[in-house]
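If you're wondering where the values come from, they're calculated on a predicted model, not measured in any experiment. Start at 1 with the first residue, then count along the sequence.
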Amino acid sequence: PNTASEMIQHLPGVGPKMAFLVVNIAFDKPEGIGVDTHVLRFCFELGWSTSKNPEVARKQLESWLPKSEWIRINLIMVGLGQQIQQKAEKGKLLQRLEELKEPEKSDAKN
């Protein structure tokens, strides 16, 4: 399969997130944004999505984010999410980002 849609249809267990990631990264074709838990949390907490449903959030994010950024956005948000969300309490993402901007206020050791 060469498209996300074909992957979802023909490969058992492959859903939209994985299909979009494979097509985006392996084929360098921005067909969609792979929404995992980190991307979903960012979208909801930053007000970029009104839903905690990955497919709804993906469509809302794709509606305004330039297609030229679709490949990079997942890598950026997942990487950032893995770094800061482990210490951030639910609903405190923006506060955690502010703390990281001012290390003297943060308990981060890195």
Side-chain angles (χ1 to χ4, degrees):
N2 293 324
T3 67
S5 164
E6 290 173 358
M7 286 181 193
I8 293 166
Q9 289 176 337
H10 300 293
L11 300 175
V14 174
K17 175 186 78 171
M18 187 55 63
F20 289 131
L21 288 173
V22 169
V23 172
N24 288 350
I25 295 168
F27 302 117
D28 198 32
K29 292 177 6 185
E31 286 192 20
I33 299 169
V35 176
D36 74 343
T37 187
H38 299 293
V39 175
L40 185 61
R41 187 170 177 189
F42 274 115
C43 288
F44 187 76
E45 289 190 27
L46 295 174
W48 295 348
S49 175
T50 56
S51 175
K52 290 188 179 182
N53 176 295
E55 278 302 289
V56 172
R58 177 184 66 80
K59 290 175 184 173
Q60 290 176 333
L61 186 56
E62 289 175 356
S63 74
W64 63 267
L65 187 69
K67 197 170 189 174
S68 62
E69 300 299 323
W70 288 8
I71 293 174
R72 294 187 314 179
I73 194 70
N74 183 273
L75 298 173
I76 293 167
M77 292 174 88
V78 169
L80 182 60
Q82 289 172 341
Q83 292 298 311
I84 69 166
Q85 289 181 353
Q86 291 177 358
K87 291 190 175 190
E89 296 176 33
K90 187 175 181 181
K92 304 284 185 178
L93 178 60
L94 293 177
Q95 178 181 341
R96 181 73 180 132
L97 287 169
E98 285 296 318
E99 289 172 358
L100 291 173
K101 282 176 34 182
E102 301 178 50
E104 68 278 0
K105 293 183 182 179
S106 175
D107 63 356
K109 304 291 184 216
N110 300 3

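Here side-chain hydrogen bond (donor to acceptor under 3.5 Å, both in side chains) pairs that include residues 5-31, with residues two or more places apart or in two chains, number zero.
A salt bridge does not link K59 with E62: every distance from a Lys NZ or Arg NE/NH1/NH2 to an Asp or Glu carboxylate oxygen is 4.0 Å or more.
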Candidate pair L40 and T37, rule side chain to side chain contact (heavy atoms under 4.5 Å, CB included), full reasoning:
CA-CA 5 Å; L40 185 61; T37 187; 5.7 Å; no

Determine, step by step, whether F20 and R58 satisfy the side chain to side chain contact (heavy atoms under 4.5 Å, CB included) criterion, reporting the C-alpha distance in whole Å, the side-chain angles of both residues, the deciding distance to 0.1 Å, and the verdict.
CA-CA 11 Å; F20 289 131; R58 177 184 66 80; 3.4 Å; yes

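There is no path of hydrophobic side-chain contacts, each under 4.5 Å, that joins L21 to V23. V56 and W64 sit in two unconnected hydrophobic clusters of ILVMFWY residues. Membership requires side-chain heavy atoms under 4.5 Å apart, directly or through other members. At a threshold of 4.5 Å between side-chain heavy atoms, the hydrophobic network of Ile, Leu, Val, Met, Phe, Trp and Tyr places I73 and I71 in two separate groups. When hydrophobic clusters are built by joining Ile, Leu, Val, Met, Phe, Trp and Tyr residues whose side-chain heavy atoms come closer than 4.5 Å, directly or via intermediates, W48 is grouped together with L65. No chain of hydrophobic side-chain contacts below 4.5 Å, direct or via other Ile, Leu, Val, Met, Phe, Trp or Tyr residues, connects I25 to L80.
Closest approach of M77 to H38, counting heavy atoms only: O-CB, 4.0 Å. Of all non-hydrogen atoms in M7 and V22, the two that sit nearest each other are CE-CG1, 3.4 Å. The two residues L61 and C43 make their nearest non-hydrogen contact at CD2-SG, 3.8 Å.
A donor atom on one side chain and an acceptor atom on the other are not found under 3.5 Å apart for Q60 and S51.
Listed for the N74 side chain is no donor-acceptor partner under 3.5 Å among the backbone atoms of I33.
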